[in-house]
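In what follows, a structure is listed as structure tokens, so that the remarks can point back to it.
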Amino acid sequence: MVVEKNIPLQAFNTLRIVAKAHAMVRIRDVQDVQALLADPTWANEPKFVLGGGSNLVLTGDVKPLVLKVEVRGLRVVGETAKAVIVEAGAGENWHDFVTWTLDHNLPGLENMALIPGTVGAAPVQNVGAYGIELQDRFDALDAIDLHTGQLFTLNAAQCAFGYRDSVFKHASSGNAGAHQPLGLKDRALILRVRFALPKVWKPVLGYADIARKMEQYGVTTPTPRQIYDWVCEVRRAKLPDPAVIGNAGSFFKNPTVTAEQCADIIARDPKVVHYRLDDGSVKLAAGWLIDACGWKGKTVGQAGVYEKQALVLVNRGAGVDGNGATGGEVMTLAKAIQTSVYERFGLWLEPEPVVM
Ligand code: EPU
């Protein structure tokens with residue numbers, strides 16, 4: 001185990017914010033974590049688990065010990081009557097993993113192609129796109145408790161998945177009784193994730209962007225590979241490539257409101273983009289709300305709102321060696337957007353990324 005000191009983190013966060021880790025350890029397997037927890041210097045130090053850094057805003061140097069997850073490996077590990085079980089190391093790139101499954105004739109993840117980040121970060125916020133969420137294909141994951149060093153496995157119910165949410169985003173209440181869900185924020189390091197990919201594959205085509213591609217290409221019964229290609233085309237057309245311009249994907253969650261609140265907003269803004277959910281509530285498109293407040297393409301300091309998608313904040317200044325926006329600038333812009341959306345619609349948008 002090697003603890004590296006004063007490590008620049010610009011290459012390890014997709015917003016390309018300049019910051020340093022005071023100390024960092026690369027985790028290639030469980031033994032690296034166990035060695036760390038056996039070391040009296042580090043065992044009880046605060047720790048921060050870093051995946052692909054694609055859902056992260058760094059507002060300064062990171063003081064907790066950074067655990068950079070680099071657990072590799074992609075393999076088929078079993079099957080059930082209905083599914084093939086594949087396992088991926090937490091440090092694998094998510095999109096490369098999706099591509100690997102299709103190369104091995106194991107469809108089911110194609111709608112989630114090109115989501116930035118790593119496999120291990122995907123369950124933390126239950127990533128999703130174009131009608132499929134991670135939880136729809138999830139089998140189980142192996143993790144290690146950073147307090148006790150114990151290895152454990154969680155199934156989907158134990159991960160408590162929600163919209164961009166899971167047990168890994170919530171702090172422990174401290175008095176975990178039998179009925180108290182135990183939050184695992186800052187406590188668990190995910191090592192491997194297993195997915196159940198359906199043996200009988202059915203395309204998920206409900207989203208307007210996908211429907212438009214079917215029409216454009218004149219295809220009515222697409223293959224998994226065609227859906228994968230279309231999702232990549234759609235994403236490339238409206239989401240910035242972090243390799244070219246720093247960003248953290250959608251910066252805000254789409255807010256959910258009651259039917260009454262929605263009726264009230266529609267009365268004032270008939271064009272508001274909304275989706276009715278099964279439970280009677282309504283999801284609003286945060287991108288539309290932000291756009292309606294005039295933010296698309298705006299810049300504050302070196303942080304900006306992406307020209308083609310108001311839900312994405314970008315770092316305009318970060319060249320290869322450039323400094324670009326600070327995390328503070330990004331958060332100032334985020335706050336200004338939240339305030340103007342609140343003033344117009346009475347809704348406070350919740351950020352998606354972790355702010356450090
Ligand atoms: N819209 C505007 N102006 C904008 C942006 C959006 O009017 O500047 C409208 C669009 O026209 C559309 C609606 O808002 O009618 C929704 O936009 P879009 O289809 O782009 O999807 P989204 O709700 O903004 C969500 C996820 C994405 C995911 C896509 C596709 C969230 C916060 N975002 O975006 O996830 O890829 O659906 O399923 O749930 C991510 O989480 O990082 C992410 C990219």
Side-chain angles (χ1 to χ4, degrees), residues 13-15 51-57 94-95 98 109-118 121-136 161-166 169 204-213 227-228 230-242 245-257 262 265-266 269-277 282-298 304-314 330 333-334 337-338 340-341 344-345 347 349-354:
N13 76 96
T14 61
L15 261 168
S54 61
N55 199 42
L56 176 65
V57 185
W94 172 265
H95 178 69
V98 173
L109 299 175
E110 55 285 340
N111 294 50
M112 295 188 284
L114 223 57
I115 292 179
T118 56
V124 175
Q125 64 155 359
N126 185 24
V127 296
Y130 306 104
I132 298 195
E133 286 184 319
L134 172 127
Q135 66 174 333
D136 302 324
F161 292 123
Y163 167 59
R164 299 293 192 273
D165 196 29
S166 75
K169 279 193 150 186
V204 176
L205 305 171
Y207 265 57
D209 282 329
I210 303 293
R212 272 192 287 273
K213 287 289 171 191
I227 296 175
Y228 168 95
W230 297 341
V231 167
C232 290
E233 282 177 25
V234 170
R235 292 189 72 100
R236 288 197 174 109
K238 69 172 162 193
L239 296 169
D241 178 354
I245 179 159
N247 77 91
S250 298
F251 199 88
F252 298 100
K253 294 184 188 185
N254 289 326
T256 303
V257 296
C262 185
I265 294 173
I266 290 173
D269 284 281
K271 288 195 188 135
V272 63
V273 177
H274 60 285
Y275 316 92
R276 298 198 184 273
L277 304 180
V282 185
K283 189 170 269 192
L284 303 179
W288 187 91
L289 301 172
I290 299 166
D291 198 358
C293 292
W295 281 103
K296 199 188 263 181
K298 289 276 164 68
V305 181
Y306 191 53
E307 284 69 14
K308 295 182 205 161
Q309 165 61 289
L311 196 48
V312 178
L313 302 193
V314 296
V330 173
L333 173 60
I337 291 170
Q338 285 169 310
S340 72
V341 168
R344 171 143 173 205
F345 298 103
L347 298 168
L349 295 178
E350 203 188 316
E352 235 192 59
V354 173

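Nothing fancy with the numbering, it's 1 onward along the sequence. In listed order, ligands and their atoms are each counted from 1.
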Using heavy-atom distances, let me know which of Glu350, Lys238, Gln125, Glu307 sits nearest atom 18 (P) of ligand 1.
Lys238
Can you name the closest pair of heavy atoms from Leu109 and Val98 and give their distance?
O-CG1, 3.7 Å
Relative to atom 36 (O) of ligand 1, which among Arg235, Glu352, Lys296, Gln309 owns the nearest non-hydrogen atom?
Arg235
Please report the closest heavy-atom contact between Pro353 and Ser250, naming both atoms and the distance.
CD-O, 4.5 Å
Quick check on contacts: which atoms of ligand 1 are under 4.0 angstrom from a heavy atom of Ala310?
4 (C), 5 (C), 8 (O)
Write down the atom of Val57, the atom of Leu15, and the distance for their closest heavy-atom approach.
CG2-CD1, 3.9 Å
Any N or O on Arg164 sitting closer than 3.5 Å to an N or O of ligand 1?
yes
Identify the protein heavy atom lying closest to atom 11 (O) of ligand 1, giving its residue, its atom name and the separation to 0.1 Å.
Val273 CG2, 5.0 Å
Looking only at protein heavy atoms, which one is nearest to atom 7 (O) of ligand 1, and what is the separation?
Trp288 CD1, 3.2 Å
Would you give me the side-chain donor-acceptor pairs under 3.5 Å for residues 121-131, sequence neighbours excluded?
unit_1 : atom_1 : unit_2 : atom_2 : d
Gln125 : OE1    : Asn55  : ND2    : 3.2
Asn126 : OD1    : Leu134 : N      : 3.4
Asn126 : OD1    : Gln135 : N      : 3.0
Asn126 : ND2    : Gly162 : O      : 2.8

Heavy-atom pair of closest approach, residues Ser54 and Pro116:
OG-O, 3.4 Å
Heavy-atom closest pair, residues Ile337 and Phe252
CG2-CE1, 4.0 Å
With heavy-atom distances below 4.0 Å as the criterion, list the atoms of ligand 1 near Ala285.
13 (C), 14 (O), 16 (C)
Measuring from atom CZ of Arg344 to atom SG of Cys293, what distance do you get when rounded to the nearest 0.5 angstrom?
5.5 Å
Closer than 4.0 Å and a protein heavy atom, does any atom meet both conditions relative to atom 14 (O) of ligand 1?
yes
Could you report the tightest heavy-atom contact between Arg235 and Leu114, atom names first, then the distance?
NE-O, 3.5 Å
Roughly how far, to the nearest 0.5 Å, is the CD atom of Glu307 from the NZ atom of Lys296?
9.5 Å
For Phe252, the atoms of ligand 1 under 4.0 Å from one of its heavy atoms are 32 (C)
Numbering the atoms of ligand 1 from 1, which are under 4.0 Å from a heavy atom of Ala129?
36 (O), 38 (O)
Note: heavy atom closest to atom 33 (N) of ligand 1, options Gly128, Ala208, Ser250, Pro255, belongs to Ser250
Is there at least one pair of N or O atoms, one from Tyr130 and one from ligand 1, spaced under 3.5 Å apart?
yes
For atom 23 (O) of ligand 1, the option (of Asn254, Asn126, Asp209) bearing the nearest heavy atom
Asn254
Residue and atom name of the nearest protein heavy atom (relative to atom 3 (N) of ligand 1), distance in Å to one decimal
Asp291 OD2, 2.8 Å
Less than 4.5 Å apart, side chain to side chain, heavy atoms only: is that true for Phe251 and Val330?
yes
With respect to atom 34 (O) of ligand 1, which of Leu114, Leu284, Leu311 exhibits the smallest heavy-atom separation?
Leu311
Going by the order shown, which atoms of ligand 1 are within less than 4.0 Å of some heavy atom of Gly249?
42 (O)
Enter the distance from Ile290:CD1 to Trp295:CH2 here, rounded to the nearest 0.5 Å.
10.0 Å
Mark whether atom 29 (C) of ligand 1 lies under 4.0 angstrom from at least one protein heavy atom.
no
When you measure from the side chain of Tyr163 to the backbone N and O of Lys253, does any donor-acceptor pair fall under 3.5 Å?
no
Protein heavy atoms near atom 21 (O) of ligand 1, is at least one of them under 4.0 angstrom away?
no
Drop me the distance from Asn254's CG to Glu350's CD, to the nearest 0.5 angstrom.
11.5 Å
Which residue holds the protein heavy atom closest to atom 31 (C) of ligand 1, what is that atom called, and what is the gap in Å?
Tyr163 OH, 3.3 Å
Give me the nearest non-hydrogen protein atom to atom 16 (C) of ligand 1 as residue plus atom name, then the distance to 0.1 Å.
Tyr275 OH, 3.4 Å
With heavy atoms of Tyr207 as the reference, note each atom of ligand 1 found under 4.0 Å away.
38 (O)
Structural part of Trp295 in contact with ligand 1, heavy atom criterion under 4.0 angstrom
neither
